[in-house]
Amino acid sequence: MNFTKVLRTAVKSLALNPLRTFLTLLGIIIGVAAVIALMSVGSATTSSVTSRIQGLGTNLLVISPGQSVQNGVSQGLGTAQSLTDKDVAALQKLSVLSAVAPDQTSRAQVVYGSTNYQTVLEGSTPDLFSVRNLSLAAGRPFNLVEEQHAANVAVIGSTVAQNIFGNQSPVGKTIWINGLAFQVIGELTTQGSSGATNNDDRIIIPLTTLQNHFTGSTNPNVIYASAASGQDMTRAQQEVELTLRQSHGLSYTQSDDFVITNQSTLLDTLQGVTQTLQSFLGGIAGISLLVGGIGIMNIMLVSVTERTREIGLRKALGATRSAVLKQFLVESALVGLLGGVIGIAVGAVTASVLGRVMNTAVQVNVSAVWIAFVVSLVVGIGFGIYPAFRAARLSPINALRYE
Amino acid sequence: MSLLKLEGVSKCYDMAGEVFYAVKDVHVSVEPGDFVAIMGPSGSGKSTMMHLMGLLDTPTTGEVWIEDIPTSKLLERELAMLRNQKIGFVFQSFNLLPRTSALENVALPLWYAKVSDGEALSRAAAALRRVGLDPEAKGANHPNQLSGGQQQRVAIARALVTAPSLILADEPTGNLDSKATDDILALFQSLNDEGTTIVMVTHEEYVGKHAKRIIRFRDGRIESDEQVENRLRRMEVAQ
Ligand SMILES: Nc1ncnc2c1ncn2[C@@H]1O[C@H](COP(=O)(O)OP(=O)(O)OP(=O)(O)O)[C@@H](O)[C@H]1O
Ligand SMILES: [Mg+2]
C-alpha cells in the first residue's frame, strides 16, 4: 500500500467516530494551545519589561543601605541608615562616575487652592535629572544655586499635576507643601510605573530644602550614580564598593552594609525569572501532552480491539506486520498532528485576545509553534507505537476468529 | 507437483491442562485443477484445517507445502506474500471492509502487492465483471448497499483478483438462500473449469455434491477421501 492509501484509510477510520476522535484530539489541543498562548504572552511581557529597564539607562548604579539586624532578625533591604553625606562626597571624587545624586524621600501633604493631595516628596541634587533620565514636559529642573540655597522650588510628576491643576499649566504656580510655599518650576513627562510604584506620583525638590524643612537628616535613603561613558560597569561597581567600604571603615572580615544594583544585574534577575517561568510552563505543557498522549494510546487500543477482525482479514489478504503497524501508526500520528495544528491555532487566537486584554503587543512565538508541532507529532507516534505493535503482532487466525 | 500438501499435520490446543486435537495427523494433497469439498459435523476441524491450508494458522506438528515450498520455516513476511499471491480466501460472513466501495474491497490484495493504483482498479473491475457484477453499476456500492449474494460475489472477486493458484472457501454459501447458493456454486464450477483450484468447506451434502472430490472429517481426522459420483452441475446465468 502506498502512503496516500494508508493516509486515506487512517482518515476514514478517524472520520468514522467523529466525536470520539474529537475528544481524543482535545487532550492534545488543550496542551498545545496552553503552551502557545502562555509562551507568547510570557515573551511579550518579558520583552516589554526588558525594554523598560533598558530605558532607565544601562549605566545607572543604585546604592541602597543594607539590612539592619535587630536581635538577629534581618529587617529587610534599606532598613539600615548606613549611607551618609560623607559617602556622597567620597563617591563624587571617583573618576569612574560622571554624576552622583543622593536622594531622600518623605511624604507630603500638598495644598493648592481648595485641593488637598497626598504624595511622595523626593529631595535630590540637580544631577538626579541626568542620572535618572528624567525629562520635563514643561518648565525647567532646579539648578545648583537653588540647591545650595535650599530654595522652595518644586518639579512635579504628571499624576500630581493632573490631580492638583487639572488642565491648567502648573509652571509658575505656588503650592503649599506641609504649610510651606513652593514655586512649581517644572513638570516631568509621564514615566509610567515600575512594579508597584507610580513614578509620576511624586514631587522633586532640592535635597537641602527637604533636609532643612522635612527630614532634618543628612543621610540619603539611596544614592544614584552614573558611570562615566565608556566605563565598564563591573569596574565602576567595584570602585564604588571599595570607596564605600573605606568610608564606612569596614574591616575585611565584615560584609558590605550597603547594596549596589545596576541594570544589568536586574536584567540578569529578570532573565532568571523568565527562565524559571518558561520551564514551569514547559512542565505544564509536558504534563498535559502526556495526558493527551495517554488518551491517544487508550483510544488506539480500543480501536485495535474493535478492528481485530479487520486486521485478521487484512492479514489473510496479504498485509504484512509492517503494513498493519504502519496503518495504525499513521492513524495515531494523524491524531497527534491534527491536535497539534488545531492547538496552535487555538493558542494563537487566545494569545492575541490576551494581548488585547493586557494591552501588550503579543507575537506568537515561532519556535514555540515548531516545538508544539514536533512534540504533538512525536506524542502521537510515541503513544501509538504500543497499540500498533499489538495490532501488528495479532496472529491472523486469532484475529479472524475474534468475536 | 501438488499445489498443496499436508504431511502429518496436527493442531492441538491446551485446554485446562488437557491436550485437545482439533486436527490430528492429516495427510492430504490437492492437485492443480481440483475442486475439493471438505465436509463433516460441526466441530470436526474443517475450519481449522482450512486455516492451516491457507497459512493463517501454524500446525503444532507436521508440514504444509505450497507448490513444493515447505512453509514451517518461513518468516511472517514471506507467509504474508504467499497468502497474497498464491491463495484467495472466501469466508462465510463475506468479511468485506465496511464503508469501503466494492471496487476498493476487491483491489485491496493488489494494494498489498504494491500494484499501481490504476492497474489495481482496472484489474478489480475485471474481477467484478468475472463474478457477474457490473463495476459501473455496483462498483461504488458499500457492502451494506449490496445483497448477501452480491457481497459474496465481491468477496470471490477479491479472492480471484491476484490470480491465485488456490481458492479456499469456508462455508461460502452458509449465509445465502438456495438461489444465491446455486449462483455461487455455478460460479465456482465455471472458475474451476477455467483451471482455478478450489477447496471449499461445507456441511451441506447438496453443496458438497458440486465438487469433484469430498474429504470427510470426524474428530480432527480424515474419515474418507473420495471422488464425487453423480456430480451436480450448475450453469452460470447472466446476472
Ligand atoms: N483457539 C482455540 N482454542 C481451543 N479450541 C479451539 C480453538 N479453535 C478451535 N478450537 C476447537 O477445535 C475444534 C474444531 O473447530 P473448527 O472451527 O475447525 O470446527 P468446524 O469443523 O469448522 O465446525 P463448524 O462446522 O461448526 O464450523 C472445535 O472443537 C473447537 O472448539
Ligand atoms: Mg467452521
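So that the names make sense, note that chain A is the first sequence line, chain B the second, and so on, each numbered from 1. Side chains are part of it too, since the values below use all heavy atoms of this structure and drop only hydrogens, waters and symmetry mates.
- Looking at B:E7 and B:H27, their side chains never bring a donor and an acceptor atom within 3.5 Å of each other.
- Put simply, the side chain of B:Q92 does not reach to within 4.5 Å of the side chain of B:T173, judged on heavy atoms.
- When heavy atoms are compared at a cutoff of 4.5 Å, A:R314 approaches chain B by way of both its backbone and its side chain.
- With a threshold of 4.5 angstrom between heavy atoms, A:K315 approaches chain B through its backbone and through its side chain.
- Among A:L313, A:L400, A:T320, the residue with the largest count of heavy-atom pairs under 4.5 Å with chain B is A:L313.
- Listed by sequence position, the residues of residues 370-394 of chain A in contact with chain B number zero, using a 4.5 angstrom heavy-atom cutoff.
- Side-chain atoms of A:S303 and A:R307 form a donor-acceptor pair, as typed in the model, at a separation below 3.5 Å.
- A donor-acceptor contact closer than 3.5 angstrom links the side chains of A:R401 and B:T48.
- Of the listed residues (A:K5, A:R309, A:K12), the greatest number of heavy-atom pairs within a distance under 4.5 Å of chain B belongs to A:K5.
- In this structure, a donor-acceptor pair under 3.5 Å is absent between the side chains of A:Q327 and A:T9.
- Of the two parts of A:R8, only the side chain, counted from C-beta on, holds a non-hydrogen atom closer than 4.5 Å to a non-hydrogen atom of chain B.
- Inspection of the A:S40 and A:Q363 side chains reveals no N or O donor paired with an N or O acceptor under 3.5 Å.
- Proximity to chain B (any heavy atom under 4.5 Å) is restricted, for A:A323, to the side chain, taken from C-beta onward.
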